[in-house]
> 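A single structure is presented below for examination.
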Protein chains: 2
Amino acid sequence: MTKVDEILDVLREEGYRLTPQRVMILSAIASSPGHMTAEEIHEKVKKTYPYIDIATVYRTIQLLKRHRLLVEIDLGSGTSQYELARAERHHHMVCRECGKTIDIDHRRFLEPVRAALLQEFDFEADIDHFAIFGLCKECRAKKAAG
Amino acid sequence: MTKVDEILDVLREEGYRLTPQRVMILSAIASSPGHMTAEEIHEKVKKTYPYIDIATVYRTIQLLKRHRLLVEIDLGSGTSQYELARAERHHHMVCRECGKTIDIDHRRFLEPVRAALLQEFDFEADIDHFAIFGLCKECRAKKAAG
DNA sequence: ATAGTTGCAAAGTGTTTGCGCTGAG
DNA sequence: CTCAGCGCAAACACTTTGCAACTAT
C-alpha cells in the first residue's frame, strides 16, 4: 500500500470523491522527491491530462492541507511549496545560494525550543514546519575559497 | 537623538534624499509599538499627508530593508509585517487565537539551534527573524476552562 | 438521481514597475 | 540646475471564488 493509496483511503472514508484529478495531483506530488509549488504540480499533471486547471490544483491542496495530509512550506518567497505529510515531523534548511534543501529532525533540533517556550512563557508553539535559510556546507566552502 | 534621526543620518550619509515622504514613513513605523503591514503604514501616513502613495511606502520599505534598518516579518499570512531593526536580535511568538505577539530573545532560544546546525551540517543559518505561531498563556487557560 | 467536483473566467490580494513631473541637494 | 524620487496607473504573481456543466457514487 503506497502513500498515495493511504491518502486516497482517508479521503474515501471521509466521503470525498476520488476523482481522476485528485488521484493525478496526489501522484504528481508523491512522485517528486522534494517539495513543489502549485504551479509545478499543475505542470506535471498537465503532461498526462492537459485540461487540468490550476484552480483544481489549489482546491485539492486545500483539501489535503485541511486533513493534514499535505504540509505547506513557506519559504518567504511569496510562493508556497507543498509536500506530503510524513510520520516524523521535520523541517528544512534551504541554501540561499544553491537552493538545496536539507531535512532536519524536529525532535533533535526544534523540540528543545518548543519545550523552553512552554516552560518559560506558557506558550504552546505550533512548530509544524520551519524553513531555515542559510548557506550550505558546499557554498560556504566555495565562498571561503573564491 | 532618536531612532528615526539615526536612520535618517545613515540614509543621508549614503547619499539618499531625505524626502518628506521618507521621514513620514519612518516616523509612522517608529511611533507604532509592534510591527505593521505596508497598508497600515500607508494609512497612518495618510492621516497627515493624504497624497502618499502605497508604491512610495513599498519603495521606502525596500530601501530600509536593503540597509538592514528595517526587519521584514513573514507570518505566512501572505502579508509581510515590518519593524525597525533593533540592536538585540529577537524573534516573535504570535498567538493564533488573540494575535498577541511576545518577543523572545535570540541568544537564549534560537542561538543554540544555530550552533547545532553549524556543528552538525556545516550549515550557516541566517536566523534573522522567526515568527513562531501558537497559543499564549491566556488563551490556553481560556481553552482549558471553556 | 444528485450532490460534490470540475473547468473556465473573473475577481481578489499584496507587491512591483514604467513613466513623466517635481523638488531636494 | 539636475537627477533621485514622487504619484499615478497599470502590470504582476499567486490564490480564491461564482457558476454552469459534468460525473463519481
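In what follows, chains carry the letters A, B, and so on, assigned in the order in which the sequence lines appear, proteins first and then strands, with residues in each chain numbered from 1.
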> Between N or O atoms, less than 3.5 Å apart, protein on one side and nucleotides 1-3 of chain D on the other: list the pairs.
residue: D:dC3; atom: O2; partner: B:Arg17; partner atom: NH2; Å: 2.9

> A:Ser80 near the nucleic acid: base, sugar-phosphate alone, or nothing, with a heavy-atom cut-off under 4.0 Å?
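It contacts sugar-phosphate atoms only.
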> Classify the ring geometry of B:Phe121 against A:Phe109: parallel below 30°, tilted from 30° to 60°, perpendicular beyond 60°.
tilted
> Checking contacts here: which listed nucleotide (D:dA9, C:dG14, C:dC8) is nearest the side-chain heavy atoms of B:Tyr58?
C:dG14
> Does OP1 or OP2 of D:dC14 have a side-chain N or O of A:Thr79 closer than 4.0 Å?
yes
> Just how far, in rounded Å, is P of D:dT15 from CD of A:Glu40?
11 Å
> If you assign B:Asp53 and A:Thr56 each to the DNA chain C nucleotide with the nearest heavy atom, which residue ends up on the more 5' nucleotide?
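Its nucleotide being nearer the 5' end, the pick is A:Thr56.
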> Rounding to an integer number of Å, can you tell me how far B:Leu8 CG sits from D:dG5 P?
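For the pair B:Leu8 CG and D:dG5 P, the rounded distance is 13 Å.
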> Where the side chain of A:Gln62 is concerned, which of D:dC6, D:dT16, C:dT15 is the nearest nucleotide?
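Ranking D:dC6, D:dT16, C:dT15 by closest atom to the A:Gln62 side chain puts D:dT16 first.
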> Expressed in angstrom and rounded to an integer, what is the separation of B:Lys65 atom NZ from C:dT16 atom C1'?
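After rounding, the reported distance stands at 12 Å.
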> Taking everything shown except A:Gln119 itself, do over 12 heavy atoms lie less than 6.0 Å from its CD?
no
> D:dT15, C:dT6, D:dG5: which one has an atom nearest the side-chain heavy atoms of A:Thr19?
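Closest nucleotide to the A:Thr19 side chain: C:dT6.
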> Side chains of B:Asp128 and B:Arg68: closer than 4.5 Å at any heavy-atom pair?
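Yes, side chains in contact.
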> Does B:Tyr82 place a side-chain N or O at less than 4.0 Å from the phosphate oxygens OP1/OP2 of C:dG14?
no
> Which nucleotide wins on minimum distance to the side chain of A:Gln21, given the candidates D:dC14, D:dG7, C:dG7?
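Given the options D:dC14, D:dG7, C:dG7, the side chain of A:Gln21 is closest to C:dG7.
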> Using side-chain heavy atoms (C-beta onward) and a distance below 4.5 Å, is B:Glu124 in contact with A:Lys143?
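No - every pair of side-chain heavy atoms lies 4.5 Å or more apart.
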> D:dC12 C1' sits how many Å from B:Ile54 CD1, rounded?
16 Å
> Could you give the CD1-to-P distance, from B:Ile52 to D:dG5, as a whole number of Å?
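Going from B:Ile52 (CD1) to D:dG5 (P), I get 14 Å.
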> In whole Å, what is the span from the CZ atom of B:Arg22 to the P atom of D:dG7?
11 Å
> Starting at atom NZ of A:Lys46, determine the distance to atom P of C:dG7, rounded to an integer number of angstrom.
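Result: 12 Å.
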> Tell me whether the rings of B:His92 and B:His35 are parallel (<30°), tilted (30 to 60°) or perpendicular (>60°).
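Plane angle over 60°, so perpendicular.
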> Categorize A:Pro50 for me: base, sugar-phosphate, or nothing, with a 4.0 angstrom heavy-atom threshold over every strand shown.
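The answer is nothing, as A:Pro50 stays clear of every strand by at least 4.0 Å.
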> Do A:Glu83 and A:His129 get their side chains close enough for a donor-acceptor pair, meaning under 3.5 Å?
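No, A:His129 and A:Glu83 have no side-chain donor paired with an acceptor closer than 3.5 Å.
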> Classify the ring geometry of B:His106 against B:His91: parallel below 30°, tilted from 30° to 60°, perpendicular beyond 60°.
tilted
> Counting C-beta onward and ignoring hydrogens, is there a side-chain heavy-atom pair between A:Val57 and A:Val45 closer than 4.5 Å?
no
> CG of B:Leu18 versus P of C:dG23: gap in Å, rounded?
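For the pair B:Leu18 CG and C:dG23 P, the rounded distance is 17 Å.
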> Taking the side chain of A:Tyr16 as heavy atoms from C-beta outward, which of C:dT5, C:dT6, D:dG7 is closest to it?
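In terms of side-chain proximity for A:Tyr16, the closest of C:dT5, C:dT6, D:dG7 is C:dT5.
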> Starting the side chain at C-beta, find the nucleotide from C:dG25, C:dG18, D:dT17 nearest to B:Arg59.
C:dG18
